[in-house]
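Here the structure is laid out as structure tokens; the discussion comes afterwards.
Labels below follow one simple rule: chain letters A, B, ... track the order of the sequence lines, proteins then strands, and each chain is numbered from 1.
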There are 2 protein chains.
Amino acid sequence: MVIDKRSGVPVYRQIAADIRERITSGEYAPGAQLPSEQDLTATYDVSRPTIRDAVGLLRAEGVVYSQHGRGVFVTPPRKVQRLSRSRLSKAARQENKGAFLGDAAAGGFTPSTTVKIRFEPADERTAELLGIQPGTEVTVRDRVMRADGLAVQLAVSRLPREFTRGTPIEETNTGPGGAYGRLEEAGQEFAPFEEIVRARMPSPEEASTLQLAEGVPVLHVTRIARNTNGVALEVNDMILAADRYELGYEIRTD
Amino acid sequence: MVIDKRSGVPVYRQIAADIRERITSGEYAPGAQLPSEQDLTATYDVSRPTIRDAVGLLRAEGVVYSQHGRGVFVTPPRKVQRLSRSRLSKAARQENKGAFLGDAAAGGFTPSTTVKIRFEPADERTAELLGIQPGTEVTVRDRVMRADGLAVQLAVSRLPREFTRGTPIEETNTGPGGAYGRLEEAGQEFAPFEEIVRARMPSPEEASTLQLAEGVPVLHVTRIARNTNGVALEVNDMILAADRYELGYEIRTD
DNA sequence: AAGTGGTCTAGACCACTAT
DNA sequence: TAGTGGTCTAGACCACTTA
């Protein structure tokens, strides 16, 4: 009973800190069930909403998760998949059918992808990233990647339509080597890709399609592919569950 | 009044969705104040805890923030600083005193840094990343970087002590070019750096030192510096507020 | 059927900010 | 002083899981 109601620190935060410490100390092991809310109200001698505030804090931190009707559990460490961005090399593209399918082979899961293709005028941001006029028609490939049926990655790829017209890039199946393979066939030569990495909390839609637990942010990766003349060919926005992925980059020092 | 109490969707989620939509539609502009909780209880005809649940959801998403005694406000878009990792090049190192000071010049803020140096036996993870035996003595440089007095970045750098003994790396001030400069002076030649990027919710300590708002994750970047023989010289764990930083990488396609 | 967490009510008192 | 959000209580009823 480490709760001091006169300390000025809110009781629910003191309780959260106490439980958090019991977790890090190993008293509550990974995957273990916490005492029920009723038990906790008794041990800390507070009302249930106060206990729920405390547990809610830990959930927002991703330290615990709760299952309706079952209980509250210590979040076990996730096994994380490393996405080594060097796999975007030309050689890797030629071997695999696309980046995601290559990961599947490495990760040992069954991949599946849903693709929706549409054409739309470039919005402000897309236009700036691609270096084109807003309103220029772009081909949009909107993909949901699944591993063993579970959605794990969202990707929206936009290319000026002038580069995709008459190619399989406007089809569901782009063929071996993916869209990049088709662009190379059309004579394009790639400059180094640029990737911009951000993190934020998911929108409700993202949280539900990726089935994210509370307290799990998403990684938002924007890739810009340019040819050797500096002309942008594609901008690809990828959303990844941060508890399932980490990104590996190599930085040349020369 | 878009609330349907018999729809099965929790009322507080419906209210949150309604407010969220009013924000994205522009009815509540960035920085604008939301109606008070009392007003919201009246307009949605629910009790205050229900309103608080709804607003709490939006806070956890980082969509709004609240100030005690003032009100709840729409989170305005942050101006984000791009950290282009190519600045780790040898040339950049020679010009600037260190990566962070280089950023300061670009960002136009006054930088300050607090460094704490200690020596400790390598733990499991450090040993594995550095390719050394657990327990081997490592030099730890624990830094808090501030911009205009506000902590914006935490960095913990660990190097096998054999590479730092007798060098300014064991001092607060490492001199021009930072620790990497000293390692090069000692004859080390760097292989490409490896960086691993993760995102997660902050610990309470991180949240308070970085003064993070609710619903703001952190970027956790682990950099491993090796010499051309593949020997790891340093592992550097950096924690960045995700609403203030984005990371830029370049990926060679050859 | 029993136990769990999820939702919601109707209050109370407090701390902070503004005027 | 008035208005705001922050904390906390003591219940109620529901939905879900497990046995």
Original post:
Who are the side-chain contact (heavy atoms from CB on, under 4.5 Å) partners of A:A122, not counting sequence neighbours?
Top reply: A:T126, A:A127, A:I132, A:V138
Original post:
Contact class for A:V72 (heavy atom, under 4.0 Å): base, sugar-phosphate, or nothing?
Top reply: sugar-phosphate
**OP:** Name all residues meeting the salt bridge (Lys or Arg N to Asp or Glu O under 4.0 Å) criterion together with A:E205; count only those two or more places apart in sequence or in a different chain, and write none if there are none.
**Re:** none
Original post:
Between B:R146 and B:T114, does any side-chain donor sit less than 3.5 Å from a side-chain acceptor?
Top reply: yes
Subject >> Those residues that, when tested against A:E37, pass salt bridge (Lys or Arg N to Asp or Glu O under 4.0 Å) (two or more places apart) >> reply: A:R48, A:R52
Original post:
Choosing from D:dG6, D:dA10, C:dC8, which nucleotide comes nearest the side chain of A:S47?
Top reply: D:dA10
Original post:
Can you check whether B:G62's main-chain N or O pairs, donor with acceptor, with B:T75's side chain at less than 3.5 Å?
Top reply: yes
Subject >> Phosphate OP1/OP2 of D:dG6: any B:S66 side-chain N/O under 4.0 Å >> reply: yes
**OP:** Report which part of the nucleic acid A:V11 touches: base, sugar-phosphate, or nothing (heavy-atom distance under 4.0 Å, all strands).
**Re:** sugar-phosphate
Original post:
Can you name the residues that form a side-chain contact (heavy atoms from CB on, under 4.5 Å) with B:A60, not counting sequence neighbours?
Top reply: none
Subject >> Pairs involving residues 115-124 of chain B, ordered by first then second residue, that meet salt bridge (charged side-chain N to carboxylate O under 4.0 Å, His left out) (sequence neighbours left out) >> reply: B:R118-B:E120, B:R118-B:D142, B:E120-B:R158
**OP:** May I have the distance from A:L40 (atom CG) to D:dT9 (atom P), rounded to whole angstrom?
**Re:** 14 Å
**OP:** Just call it for A:P10: base, sugar-phosphate, or nothing, with non-hydrogen atoms closer than 4.0 Å on any strand.
**Re:** sugar-phosphate
**OP:** Nearest whole angstrom, please: distance from the P of D:dG6 to the CD of B:E214.
**Re:** 9 Å
Subject >> With B:E246 via salt bridge (Lys or Arg N to Asp or Glu O under 4.0 Å) - residues at least two apart >> reply: A:R198, B:R82
**OP:** To the nearest Å, give me how far apart CD (A:Q38) and C1' (C:dG6) are.
**Re:** 15 Å
**OP:** Specify the angle, to 10°, made by the local axes at the two ends of the helix from C:dA1-D:dT18 to C:dA18-D:dT1 when five pairs are taken at each end.
**Re:** 10°
Subject >> Residues which pass side-chain contact (heavy atoms from CB on, under 4.5 Å) with A:V216, listed by chain and number, not counting sequence neighbours >> reply: A:L212, A:A213, A:D243
Subject >> Contact letters for nucleotides 12-19 of chain C, in which S counts primed atoms plus P, OP1 and OP2 and B counts the base, heavy atoms under 4.0 Å >> reply: B--BBSS-
Original post:
Nearest-Å distance, CD (B:E37) to P (D:dT7)?
Top reply: 11 Å
**OP:** Mind running a 4.0 Å heavy-atom check of residues 56-64 of chain A against DNA chain D and sending the residues that fall below it, in number order?
**Re:** none
**OP:** Identify, between B:Q33 and A:P49, the residue whose nearest nucleotide on DNA chain D lies closer to the 5' end.
**Re:** B:Q33
Original post:
What residues, two or more places apart in sequence or in another chain, satisfy ring-ring contact (aromatic ring centres under 6.0 Å, His included) together with A:F119?
Top reply: none
Subject >> Candidates C:dT7, D:dG5, C:dT9 - which lies nearest the side chain of B:Y12 >> reply: C:dT7
Subject >> Whether over 12 other heavy atoms sit under 6.0 Å from B:Q67 CD >> reply: yes
Original post:
To the side chain of A:T50, which of C:dC8, D:dT9, C:dG6 is closest?
Top reply: D:dT9
Original post:
Rounding to a whole Å, what distance do you find between A:R52:CZ and D:dG11:P?
Top reply: 18 Å
Subject >> Residue list, salt bridge (Lys or Arg N to Asp or Glu O under 4.0 Å) with A:R143, at least two apart or on another chain >> reply: none
Original post:
Looking at the side chain of B:R13, which of C:dT7, C:dA10, C:dT4 is the nearest nucleotide?
Top reply: C:dT7
Subject >> Nearest-angstrom distance from the residue atom CD1 of A:I51 to C1' of D:dT7 >> reply: 14 Å
Original post:
With respect to the side chain of B:V46, which nucleotide from C:dT9, C:dG6, C:dT4 is positioned closest?
Top reply: C:dT9
**OP:** Could you check how far CD of A:Q14 sits from P of D:dC8, rounded to whole Å?
**Re:** 8 Å
